[in-house]
There are 2 protein chains.
Amino acid sequence: MATLSDIGVAAVINILTAFAFFIAFAILRLQPVNDRVYFPKWYLKGLRSSPIKTGGLASKFVNLDFRSYIKFLNWMPQALRMPEPELIDHAGLDSVVYLRIYLLGLKIFFPIACLAFTVMVPVNWTNTTLDKLQNLTFSDIDKLSISNIPNGSSRFWVHLCMAYVISFWTCFVLKREYKIIGSMRLQFLASDQRRPDQFTVLVRNIPPDPDESVSELVEHFFKVNHPDYYLTYQVTTLILLRMIHLDSCFWFDSCFLSTKQAVYNANKLSELVQKRKKCQNWLDYYQNKHSRNPSKRPMIKVGFLGCWGEEVDAIDRYTEKIEGLTRKISEEKEKVTSSTKSLVPAAFVSFKRRWGAVVCAQTQQSRNPTEWLTEWAPEPRDIYWDNLALPYVHLTIRRLVIAVAFFFLTFFFMIPIAFVQTLANIEGIEKAVPFLKPLIEMKAIKSFIQGFLPGIALKIFLIVLPSILMFMSKFEGFISKSSLERRCASRYYMFQFINVFLCSIIAGTALQQLNSFLNQSATEIPKTIGVSIPMKATFFITYIMVDGWAGVAGEILRLKPLVIYHLKNFFLVKTEKDREEAMDPGTIGFNTGEPQIQLYFILGLVYAAVSPILLPFILVFFALAYVVYRHQIINVYNQEYESAGAFWPDVHRRIVIALIVSQLLLMGLLSTKHASRSTPLLFILPVLTIGFHRFCKGRYEPVFVRYPLQDAMVKDTLERTKEPNLNLKTFLQNAYVHPVFKAADNVKDEMVVEEPRADQTPDLVATKRSSKRHTSGSSFETF
Amino acid sequence: MATLSDIGVAAVINILTAFAFFIAFAILRLQPVNDRVYFPKWYLKGLRSSPIKTGGLASKFVNLDFRSYIKFLNWMPQALRMPEPELIDHAGLDSVVYLRIYLLGLKIFFPIACLAFTVMVPVNWTNTTLDKLQNLTFSDIDKLSISNIPNGSSRFWVHLCMAYVISFWTCFVLKREYKIIGSMRLQFLASDQRRPDQFTVLVRNIPPDPDESVSELVEHFFKVNHPDYYLTYQVTTLILLRMIHLDSCFWFDSCFLSTKQAVYNANKLSELVQKRKKCQNWLDYYQNKHSRNPSKRPMIKVGFLGCWGEEVDAIDRYTEKIEGLTRKISEEKEKVTSSTKSLVPAAFVSFKRRWGAVVCAQTQQSRNPTEWLTEWAPEPRDIYWDNLALPYVHLTIRRLVIAVAFFFLTFFFMIPIAFVQTLANIEGIEKAVPFLKPLIEMKAIKSFIQGFLPGIALKIFLIVLPSILMFMSKFEGFISKSSLERRCASRYYMFQFINVFLCSIIAGTALQQLNSFLNQSATEIPKTIGVSIPMKATFFITYIMVDGWAGVAGEILRLKPLVIYHLKNFFLVKTEKDREEAMDPGTIGFNTGEPQIQLYFILGLVYAAVSPILLPFILVFFALAYVVYRHQIINVYNQEYESAGAFWPDVHRRIVIALIVSQLLLMGLLSTKHASRSTPLLFILPVLTIGFHRFCKGRYEPVFVRYPLQDAMVKDTLERTKEPNLNLKTFLQNAYVHPVFKAADNVKDEMVVEEPRADQTPDLVATKRSSKRHTSGSSFETF
């Protein structure tokens with residue numbers, strides 16, 4: 001058993017490791033050659049250019065200014081310095097809200113830790129229960145926990161009160177945070193510049209019609225049912241953007257000929273676009289070469305791999321090739337768009353005003369509630385194009401299939417892995433590849449394989465798991481990347497809760513647990529889990545240090561992107577464009593990052609009243625992660641989409657679930673401690689927490705789901721006052737075009753460059769007093 | 001144990017009882033004196049007048065035409081003869097949809113019964129398991145059930161297949177029915193005449209404003225946020241109807257001074273209105289008297305109870321009194337409406353077109369999602385006025401409180417009743433009222449009390465239960481009578497499921513069950529219940545006959561209203577108006593009737609695969625109840641509100657729950673029968689059923705919750721074409737006025753008389769082809 005000093009030593013080692021990472025990071029980030037690895041965000045925003053262009057040869061690659069090495073930790077204050085509004089401008093609201101999850105952890109656990117160390121630790125420590133048990137080995141850690149209190153002691157009332165304090169404090173902080181983030185979201189949406197998705201509604205499941213094409217159908221339907229907002233007086237103002245269902249690769253869809261056809265068509269188009277891109281890159285390369293040495297035109301051979309054959313002028317050849325491809329692309333594009341088969345029953349419908357779009361998105365259009373489904377269109381870059389064409393019945397079946405599949409994945413994933421493990425032993429390999437036998441039989445290699453192989457299947461599975469979950473979510477038919485990531489996060493959290501949290505507490509696989517839970521009564525389950533909680537404190541402390549601390553410190557070093565970038569840079573990069581593509585800024589990774597944080601929330605809440613010694617470790621994790629991720633968000637991560645913090649209801653819900661789990665487990669633990677008098681009092685807590693959750697759900701969640709008419713009206717009014725002659729039609733013209741078409745249209749426009757945001761806050765026009773009061777000004781405060 | 005012949009005798013007895021009821025009914029209904037008891041619906045509709053006025057004295061009270069007694073059952077074909085569309089016109093869609101629940105029972109169980117009797121009965125009967133068990137008493141009923149099959153027999157595969165067949169058939173019928181009723185609802189709403197609630201939205205939780213009154217606030221808010229539909233060009237077209245929160249009698253509200261004030265004010269008003277009504281009645285009485293004998297003016301004494309004092313002219317005196325009261329009422333009304341304290345933050349907002357109302361009802365108005373809550377306004381007569389003023393936080397707390405209260409009511413209701421039972425024994429009564437001791441000590445009375453008392457507390461509780469549940473629902477804050485009844489039905493169903501169904505199967509109170517369920521594992525619970533199912537078949541057969549058959553036959557006799565009407569008629573009735581008020585047509589009673597039907601559904605589904613002998617009894621119940629209730633709906637029940645079948649999703653959900661329960665119980669039963677090989681196959685069924693439910697919920701439920709824009713647009717267009725000069729403002733003027741004010745305004749207008757419906761179907765105007773195709777015509781078919 002680990003004693004306090006053991007844990008102390010482990011903590012020191014982990015802190016030193018983290019420091020080593022930080023020093024390595026501090027050195028690497030100052031080298032100009034790594035600039036694109038550690039500051040890609042600035043390159044993407046166009047605010048930083050390659051430092052290679054300036055200075056001498058050595059200083060191109062190595063930073064020789066030794067003074068900059070001294071302050072090796074100064075990135076930390078730098079990361080903290082950027083104020084929140086600027087950060088929202090710089091990296092989007094999603095990132096800021098994501099960072100607030102870490103802050104929320106600090107806000108919840110810092111007061112709880114202080115209280116626990118002043119109240120709980122003395123209460124637990126001053127008992128002698130464990131000292132009396134001579135035949136049991138125990139550590140100082142256990143003396144700090146609830147295990148040290150004798151059965152039936154009246155000291156359990158302290159734990160009971162503590163559970164109440166923890167629950168009320170957590171709910172209070174959660175409610176305040178929900179409110180703040182809700183108003184941040186509304187403020188963000190209100191102060192946001194004009195964006196196509198504000199005017200646009202996604203219409204799905206348009207019923208087929210034998211006489212009319214989808215586009216005619218949409219036009220007629222909305223002309224009739226939204227006459228005032230959909231139609232201007234000229235019919236030409238109609239903005240109707242059709243999209244093509246492209247690389248739908250699931251077996252599920254392959255039974256429909258029309259879909260197959262579309263896949264074929266668009267594949268050819270996308271192939272041509274890729275080809276042209278490559279040629280364009282070569283053209284750039286030779287043009288660069290030519291501009292550096294204008295006297296000599298670069299020549300290439302036309303034969304296989306450019307090794308033999310006739311020599312021709314490279315620039316001319318590639319220009320020619322590109323022209324030919326562009327012609328082919330436009331032909332192909334024409335073919336795809338004109339073919340009715342490739343049209344899917346979905347459309348983006350835009351309105352003259354935001355008010356009209358809000359109304360259309362929130363109402364039911366047709367009397368058949370599975371047709372003409374409208375919803376707020378995601379941002380153009382947030383759309384997951386492949387799922388737009390799924391009919392309603394498929395969605396229901398797919399969800400059911402995935403629910404069952406996820407159940408099996410969670411509880412039965414060990415079965416195939418165990419099977420692979422039995423196959424992948426020394427004898428198996430020797431049988432499969434007999435000529436390796438002498439090599440394998442070498443002692444060192446043999447022991448390595450024997451130690452390594454059993455774990456590798458599990459390791460590979462865990463690495464692949466997020467991709468499996470993402471595939472599941474895609475199969476389910478979500479239509480935006482943000483909702484895909486949210487669903488993945490939910491699933492990943494459930495997986496981690498069952499396979500990490502529960503399986504660590506009650507030793508055993510998920511399947512064994514499922515079996516025992518099915519055969520245990522409802523009152524027995526919390527007892528079974530609760531009773532093992534205090535014993536696992538040391539394990540989770542180590543887990544936090546290794547997975548949390550070291551993981552976060554490793555995140556800032558970005559070893560994998562660093563290596564890959566330099567490899568690419570060395571072997572593949574020809575032009576500046578190639579170098580830009582070699583950068584891998586990555587994203588926040590909500591689908592894996594948030595469930596990890598949630599694991600720490602549940603650990604903190606469960607252990608707060610049981611073994612408060614865990615709390616400081618969690619606090620260190622939250623603080624460290626906050627600083628590191630703030631730095632990464634500012635300097636590294638690329639923003640793939642902006643959902644304006646739409647994931648917060650999920651975060652909130654999971655913390656509430658963690659709170660309820662902690663209450664139930666404490667109830668189970670206390671009832672095994674013969675403190676059953678206190679359990680009825682504990683039973684009130686989950687009921688109140690559920691009530692709190694329902695209240696929050698009704699009070700704050702709609703802000704994240706629907707857009708209020710009032711706000712739309714205010715923005716419309718402002719816009720009409722400021723820009724009375726705005727031509728919305730041209731603005732919306734090409735907003736919702738499938739990326740392949742965009743690429744087909746424009747050679748240069750492949751990189752998603754964030755549009756600069758309007759900095760000034762919109763002025764308020766003088767409207768009626770009541771409307772001003774209740775729409776823009778005071779509602780921030782009263783929210 | 002009851003044998004088949006025992007059951008047969010019981011059935012014959014019950015059938016004879018039912019026939020006796022029918023004969024009694026046939027005789028009673030033909031007497032003119034009972035006409036208002038058995039045909040009140042026609043009186044309410046104004047289509048029948050008192051038969052007393054014609055014929056001789058005897059024929060006023062007794063029907064002397066003996067030929068009419070011969071065909072004593074001819075009300076049955078009469079009841080079935082009225083076609084469905086006419087019935088919708090006559091009694092509303094709610095009644096017709098309610099009747100379809102019985103039809104649904106027949107549709108589900110008739111084919112199942114046929115199949116079960118051809119397949120299951122031979123399979124069960126041809127075993128000898130029970131014959132072999134010499135020491136066990138068993139009946140023929142048990143030989144027909146699954147108990148007769150030896151453990152581990154492969155015949156259980158038949159039961160498994162049967163479970164699949166039952167599930168698929170039930171789902172198929174349910175889906176078809178949901179579709180039919182959905183389109184009936186839409187057709188009803190579409191063909192319906194113009195009604196105020198089509199244009200009106202209920203706005204609740206209007207935030208307080210220090211500067212503006214609620215009415216100004218509402219006007220400003222909707223002028224700004226719904227400019228095109230809320231406002232006409234004249235401000236006067238604004239339709240804004242305020243209501244007063246009146247007789248809010250809960251302790252919960254009494255902490256608010258403003259509410260109290262309103263209660264006080266309106267109480268006075270309503271008192272005055274009552275007084276005037278009484279005077280009016282007396283005036284009518286004396287006027288009648290005078291008209292029969294014009295030579296003599298009726299005189300009354302002004303003293304106490306009209307026994308002494310000065311004699312005055314009665315007609316003059318009451319006319320005077322009424323005038324005085326009318327003056328007072330209008331003063332009081334002025335006072336109430338002008339006092340800002342009595343205004344609640346809720347309003348009915350009307351729109352120029354249905355489209356505007358649909359949009360407003362379905363969208364979020366304000367950025368604070370708990371303010372400016374809009375929802376489709378219920379019919380004026382459907383509104384439950386007392387709950388309109390509840391703020392959002394209260395609603396959350398109230399729901400939580402009621403959820404906890406209902407939990408305790410369901411599981412702990414036996415505790416107070418047992419307590420009362422211990423008190424209410426002979427000794428207790430003797431102690432409380434010693435002077436009754438000699439009387440009580442008499443043998444006959446003593447044994448009667450001893451036999452009667454223990455049951456009386458429970459009986460009273462069960463009679464009062466629907467009122468308790470209704471009180472709970474009212475406390476929860478629902479705003480329409482229809483939603484109150486729906487919620488009551490849900491609660492009543494849960495209560496019955498636990499305290500009738502489960503408690504009958506596993507002998508024991510709900511509390512004992514709860515305890516054993518908490519201490520049993522998830523796999524154990526279905527086994528415990530499942531294993532006792534076959535044994536309880538005879539009990540439930542008796543239950544169906546006594547509660548179902550006799551209950552339905554008793555319903556048609558209407559003994560209670562009959563007695564009360566004649567008592568009132570004899571002692572209280574002075575004028576024709578009094579006689580009208582002495583009628584008690586009653587209503588369908590969805591809140592108690594539907595849960596009772598659901599109990600039969602669950603019995604049928606659970607026993608279909610276990611003891612099919614139960615099915616014929618259920619079929620007889622459904623058939624009998626269908627005829628009886630159809631008759632009652634045509635001739636008796638008054639329609640209190642019209643929700644256009646809004647309760648169907650509840651009915652559907654409960655049948656699906658019954659189906660899942662039956663599947664789980666069969667799984668439990670089979671696993672105790674050593675047929676565990678079949679349980680994995682059975683496990684698929686609940687998963688599929690849940691999938692089916694989710695599909696139906698998404699596909700059909702929105703029809704019952706939201707009103708599609710398309711339909712609103714069609715109705716608007718039709719109306720504008722047919723009545724271009726319609727003045728909607730006058731139409732909506734007084735639609736949503738609190739009944740007290742209505743009564744205050746108009747002396748004569750106390751009876752709710754249904755407006756005659758427009759018979760011709762609305763013509764279609766020639767619109768664009770696509771709109772015609774997809775809005776009115778084909779959507780009925782494609783739905």
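Numbers restart at 1 for each chain; the letters A, B, ... are given by sequence-line order, proteins then strands. Hydrogens, waters and symmetry mates are skipped; everything else that's a heavy atom, side chains included, is used.
- Looking only at heavy-atom pairs under 4.5 Å with chain B, the residue among A:T370, A:V687, A:I690 that has the most is A:T370.
- Highest contact tally toward chain A, considering only B:V404, B:L395, B:T396, B:T363, is held by B:T363 [criterion: heavy-atom pairs under 4.5 Å].
- Enclosure of atom NZ in B:K697 is not indicated, since only 12 or fewer non-hydrogen atoms of other residues, nucleotides or ligands lie within 6.0 angstrom.
- Between A:W355 and B:V359 there is a side-chain heavy-atom pair separated by less than 4.5 Å.
- At a threshold of 4.5 Å between non-hydrogen side-chain atoms, the residues A:L709 and B:H226 count as touching.
- Of the listed residues B:E524, B:E701, B:R706, the one with more heavy-atom pairs under 4.5 angstrom with chain A than any other is B:R706.
- The heavy-atom pair separating B:S366 from A:Q710 by the smallest distance is CA-OE1, 3.3 Å.
- Inter-residue side-chain proximity for A:P369 and B:R699 is flagged as met; some heavy-atom pair is nearer than 4.5 Å.
- Residue A:F683 qualifies as open at atom CZ: its count of foreign heavy atoms under 6.0 Å is 12 or below.
- The structure places CE of B:M713 at 10.5 Å from CD of A:Q365, a figure rounded to the nearest 0.5 Å.
- Distance CG/B:L400 to CG/A:L688: 6.5 Å, rounded to 0.5 Å.
- Annotation for A:R694: atom CZ does not count as buried by contact number, only 12 or fewer foreign heavy atoms lying within 6.0 Å.
- At a 4.5 Å heavy-atom cutoff, the contact between A:F695 and chain B is made by backbone and side-chain atoms alike.
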